Amino acid sequence: MLDQIHWLAAVTVLGVLEQAYFFLQVIYARRLFGISPPKISGPPEFERIFRAQVNSSEYFPIFLALLWQAGLFFHQGLAAALGLLYLYARYCYFMGYKASPSERLAPIYFSAGVLWILIAVSALGILHFFLSQYVGLNVLQLLTA
């Protein structure tokens, strides 16, 4: 079983580490700009870092659910590769937003595209599972015949 999920687990750990890095960036920005919790407003530079971290955290559960569904029901390698692309896009989003609001746009669109692909492969994998388990229809055999 572990040989079927090790890449998903590795990408998950990388994602958690990325989230931790984003959290640390907010802590450093709070110290740099003298903004004590629970305040969330301050100079634009701080607010961009804070928003980038919060936005990334909001999407993280969606990413994890899709990563694991795509990996378990479709293909672990493809899901892990898409997961790495997503994490890279999120890193670029964070760094871009930190620099300027306009720098966040291309990476956020790219990461959203990766999420849509994960949704599609998850849905296809789950559909294939239900059709083969409950209807006895193996779509893959039909396509290769």
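What you see is a predicted model, and the numbers here were worked out from it, not measured in a lab.
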Heavy atoms of other groups near Leu17 CG, more than 12 under 6.0 Å
yes
Run the side-chain hydrogen bond (donor to acceptor under 3.5 Å, both in side chains) test against Gln19 and tell me which residues pass, sequence neighbours left out.
Ser57
Closest contact, heavy atoms only, Gln69 versus Ile126
OE1-CD1, 3.6 Å
Listing request: all salt bridge (charged side-chain N to carboxylate O under 4.0 Å, His left out) pairs with a residue in residues 26-48, at least two apart in sequence or in separate chains.
none
Over all heavy atoms of both residues, which pair between Val11 and Ala80 is shortest? Give the atoms and the distance, please.
CG2-O, 3.7 Å
Taking C-beta and beyond as the side chain, do Arg90 and Phe60 meet within less than 4.5 Å on heavy atoms?
no
I need the minimum non-hydrogen distance between Ile49 and Ala29, along with the two atoms involved.
CD1-CB, 3.9 Å
Judged by atom type as modelled, is there a donor-acceptor pair below 3.5 Å linking the side chain of Gln76 to the main-chain atoms of Gly71?
no
Is there any salt bridge (charged side-chain N to carboxylate O under 4.0 Å, His left out) pair reaching into residues 55-76, and which pairs are they, with sequence neighbours excluded?
Arg51-Glu58
Tightest non-hydrogen contact, residues Leu118 and Leu66, listed as CB-CB, 3.9 Å
Give the cluster check for Tyr91 versus Val16: same hydrophobic cluster or not, with ILVMFWY residues linked at side-chain heavy-atom distances below 4.5 Å.
no
Could you name each residue pair satisfying ring-ring contact (aromatic ring centres under 6.0 Å, His included) that touches residues 6-41, not counting sequence neighbours?
Phe22-Phe94
CG/Leu14 to CG/Leu87 distance, rounded to the nearest 0.5 angstrom?
6.5 Å
Sorted by chain and number, sequence neighbours left out, side-chain contact (heavy atoms from CB on, under 4.5 Å) with Val135 holds for Leu131, Leu137
Residues that, via side-chain heavy atoms closer than 4.5 angstrom, fall in one hydrophobic cluster with Tyr88:
none
Residue pairs meeting salt bridge (charged side-chain N to carboxylate O under 4.0 Å, His left out), one or both in residues 59-82, sequence neighbours left out, come to none
Ser36 meets the side-chain hydrogen bond (donor to acceptor under 3.5 Å, both in side chains) criterion, sequence neighbours left out, with none
Please check if Leu24 and Val26 belong to a single hydrophobic cluster, counting links between Ile, Leu, Val, Met, Phe, Trp and Tyr side chain heavy atoms closer than 4.5 Å.
no
CG on Leu64 to CG on Leu8, rounded to 0.5 Å:
10.5 Å
Write down the atom of Ala89, the atom of Phe110, and the distance for their closest heavy-atom approach.
CB-CD2, 3.5 Å
Which ring-ring contact (aromatic ring centres under 6.0 Å, His included) pairs, counting each pair once, include a residue from residues 65-86, with sequence neighbours left out?
Phe63-Tyr86, Phe73-Phe129
How far does CG of Leu124 sit from CD1 of Ile119, to the nearest 0.5 angstrom?
12.0 Å
side-chain contact (heavy atoms from CB on, under 4.5 Å) between Phe50 and Ile35, worked out:
CA-CA 11 Å; Phe50 181 79; Ile35 299 170; over 6 Å; no
Which residues, ordered by chain and number, are linked to Tyr97 in its hydrophobic cluster, where ILVMFWY side chains connect at heavy-atom gaps below 4.5 Å, directly or through other members?
Tyr93, Leu105, Ile108, Tyr109
Quick one, Gln25 and Lys98 - any side-chain contact, counting heavy atoms below 4.5 Å?
yes
Would you mind listing every salt bridge (charged side-chain N to carboxylate O under 4.0 Å, His left out) that reaches into residues 103-132, with sequence neighbours excluded?
none
Just how far is it from atom CG of Leu85 to atom OG of Ser111, taken to the nearest 0.5 Å?
11.0 Å
Roughly how far apart are Leu72 CG and Leu67 CG, rounded to 0.5 Å?
9.0 Å
Pairs in or reaching into residues 122-135: which pass side chain to side chain donor-acceptor pair (under 3.5 Å), with residues at least two apart or in two chains?
His128-Asn138
